[in-house]
Amino acid sequence: KEAETQQKLANVVILATGGTIAGAGASAANSATYQAAKVGVDKLIAGVPELADLANVRGEQVMQIASESISNDDLLKLGKRVAELAESKDVDGIVITHGTDTLEETAYFLNLVEKTDKPIVVVGSMRPGTAMSADGMLNLYNAVAVASDKQSRGKGVLVTMNDEIQSGRDVSKAVNIKTEAFKSAWGPMGMVVEGKSYWFRLPAKRHTVNSEFDIKQISSLPQVDIAYGYGNVTDTAYKALAQNGAKALIHAGTGNGSVSSRVVPALQELRKNGVQIIRSSHVNQGGFVLRNAEQPDDKNDWVVAHDLNPQKARILAMVAMTRTQDSKELQRIFWEY
Ligand SMILES: NC(=O)C[C@H](N)C(=O)O
C-alpha cells in the first residue's frame with residue numbers, strides 16, 4: 001500500500017542554497033538577529049515530515065550562503081543543475097530554498113533560462129527556523145505543494161511566500177522583517193492553503209519554454225552594474241563602474257527613470273564608448289519607465305527597463321547580452337520579458 005501511494009506522488013527535488021530558511025539564532029526570541037545558511041537540506045526536510053504526504057522529496061545542497069552574497073557564477077551553477085534535473089524523467093518538480101534578499105533575482109534568472117514546463121518554485125523565509133513563529137516550515141510545505149501540482153506547469157518560475165503564489169518575474173522583496181515581505185505590482189498569481197493551490201492569473205511575459213534563452217548555452221554572464229539616482233547625485237559612480245568593466249549600467253532612477261542633468265553628459269559619453277545605458281526606476285513596486293519620456297532615449301540610444309526594478313533589469317540585461325550587443329534588440333527583449 002505504501003509503495004502504491006509513493007508511486008502516485010510527484011517526485012520533487014529540493015535544491016538548497018542557504019538563506020534565512022536555513023538560518024539559526026541563539027534564542028527563540030531572535031527573529032532578526034541570527035546567522036543565515038547554517039542548517040543543511042536534510043535537516044530542513046526532516047523538520048517538515050508532512051512533506052512526505054505531498055511528494056516523494058529528496059534534497060541536494062547546491063551551496064550554503066546568505067543570498068546577498070550570491071554571485072553570477074552561483075546563478076549559473078544553480079541554473080545548470082535545475083536544467084539537468086528538469087530533463088530527468090524521475091523529476092516532476094523542483095523547489096529551491098534561497099535567502100530572501102536576492103530571491104527575486106534568482107527567480108527571474110531561472111524564469112528566463114530554464115527550458116522546461118515542469119514547476120520550479122523558489123522559496124525562503126523571513127525568520128530562522130529557531131525563532132518563534134518561524135515561517136520557513138509552512139513556506140517550504142507550500143513550495144512542495146505547488147511544485148508537485150500539475151496545474152503549476154508552464155506558468156514560469158514561481159515563488160511561495162506568506163501563503164501566496166507569485167510570479168518569479170514580478171515578485172520583489174518590498175518589506176523586511178515582516179513575514180508579509182514579497183509583493184508584486186501586478187498581484188499574486190494564486191494562493192496555497194493547506195497543501196492545495198488556487199490559481200487566479202497567468203503571466204503575460206515570455207518565460208521558460210517560450211524564452212529565447214537557454215542556460216545550456218550560457219557559460220558566463222557579462223558584468224552589469226547598478227547606480228542609484230538621488231538629489232545632488234554626481235556621475236562618479238557611473239563612470240567608476242564603467243571603468244571597472246561594466247558592459248551595461250542600470251540607472252536606478254528617480255520617478256519614471258529620470259536622470260539628473262549632472263549625470264546625463266556622462267551617460268551619453270559612456271554610450272558612445274559602447275556601454276549600454278538602461279533606465280529603470282527605484283520607485284518601490286510602481287516604477288514604470290517609458291521610452292522617450294523624461295529622456296530622449298532614441299537620440300541617446302538608451303534602453304528603458306519598463307516595469308523591471310533595477311535588480312531585475314540587471315538580470316535581464318546580463319542574459320540578453322549573452323546573445324546581442326544591439327541596443328534595439330535589447331529594447332525588444334525588455335518589452336517582451
Ligand atoms: N531572510 C533572508 O533570507 C535574508 C538573508 N540575508 C538572505 O537573503 O540570505
Side-chain angles (χ1 to χ4, degrees), residues 14-41 43-45 47-48 59-79 81-82 94-111 120-144 146-147 157-166 168-184 188 192 226 252 284-285 309-312 314-315:
I14 300 182
L15 296 179
T17 70
T20 297
I21 194 164
S27 117
N30 287 128
S31 57
T33 312
Y34 57 85
Q35 279 190 294
K38 284 278 146 205
V39 180
V41 66
K43 210 170 159 194
L44 281 186
I45 293 172
V48 194
E60 269 179 42
Q61 195 77 45
V62 181
M63 57 194 97
Q64 184 65 297
I65 52 179
S67 75
E68 60 271 25
S69 300
I70 285 202
S71 67
N72 288 349
D73 287 343
D74 295 329
L75 277 183
L76 291 175
K77 181 180 174 190
L78 176 66
R81 187 62 191 136
V82 169
I94 298 158
V95 167
I96 296 143
T97 59
H98 200 288
T100 55
D101 288 350
T102 61
L103 188 150
E104 67 201 81
E105 298 180 34
T106 298
Y108 188 39
F109 176 71
L110 299 173
N111 192 60
I120 300 169
V121 185
V122 192
V123 65
S125 77
M126 296 303 292
R127 297 174 182 150
T130 47
M132 286 185 255
S133 291
D135 53 331
M137 270 177 87
L138 181 56
N139 288 347
L140 182 61
Y141 182 75
N142 287 341
V144 171
V146 171
V157 172
L158 305 167
V159 172
T160 54
M161 294 289 291
N162 203 38
D163 300 348
E164 290 175 338
I165 309 168
Q166 296 272 6
R169 177 202 184 266
D170 299 337
V171 80
S172 176
K173 189 174 187 176
V175 179
N176 63 338
I177 305 284
K178 298 179 185 174
T179 52
E180 191 191 351
F182 280 74
K183 307 250 156 84
S184 150
V192 49
I226 303 173
N284 198 10
Q285 292 301 309
N309 68 22
Q311 55 273 30
K312 287 190 188 264
R314 184 188 77 96
I315 295 290

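Each ligand, and each atom within it, is numbered from 1 in the order the structure gives. Only a predicted model underlies this, so the values are computations on that prediction, with no experimental measurement involved.
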- Query: When rounded to the nearest 0.5 angstrom, what is the spacing between CD in Q166 and OG in S172?
  - Reply: 10.0 Å
- Task: Scan for side-chain hydrogen bond (donor to acceptor under 3.5 Å, both in side chains) pairs involving residues 24-37, sequence neighbours excluded, and state none if there are none.
- Result: T20-Y34
- Message: Salt bridge check, E105 against R314: does any charged N sit closer than 4.0 Å to a carboxylate O?
- Response: yes
At less than 3.5 Å, what protein N or O atoms come close to the N or O atoms of ligand 1? Include the distances to 0.1 Å.
residue: ligand 1; atom: 1 (N); partner: T20; partner atom: OG1; Å: 2.9
residue: ligand 1; atom: 1 (N); partner: T100; partner atom: OG1; Å: 2.6
residue: ligand 1; atom: 1 (N); partner: S125; partner atom: O; Å: 3.0
residue: ligand 1; atom: 3 (O); partner: T20; partner atom: N; Å: 3.1
residue: ligand 1; atom: 3 (O); partner: T20; partner atom: OG1; Å: 2.9
residue: ligand 1; atom: 3 (O); partner: T100; partner atom: N; Å: 2.8
residue: ligand 1; atom: 3 (O); partner: T100; partner atom: OG1; Å: 3.2
residue: ligand 1; atom: 6 (N); partner: E68; partner atom: OE1; Å: 2.9
residue: ligand 1; atom: 6 (N); partner: D101; partner atom: OD2; Å: 2.8
residue: ligand 1; atom: 8 (O); partner: S67; partner atom: OG; Å: 2.5
residue: ligand 1; atom: 8 (O); partner: T100; partner atom: N; Å: 3.2
residue: ligand 1; atom: 8 (O); partner: D101; partner atom: N; Å: 3.0
residue: ligand 1; atom: 9 (O); partner: S67; partner atom: N; Å: 2.8

- Query: Should we say atom CD of E180 is surrounded by more than 12 heavy atoms from elsewhere, each under 6.0 Å from it?
  - Reply: no
- Under 4.5 Å between any side-chain heavy atoms of Y141 and V123, yes or no? no
- Message: Between S125 (side chain only) and D135 (backbone N and O only), is there a donor and an acceptor less than 3.5 Å apart?
- Response: no
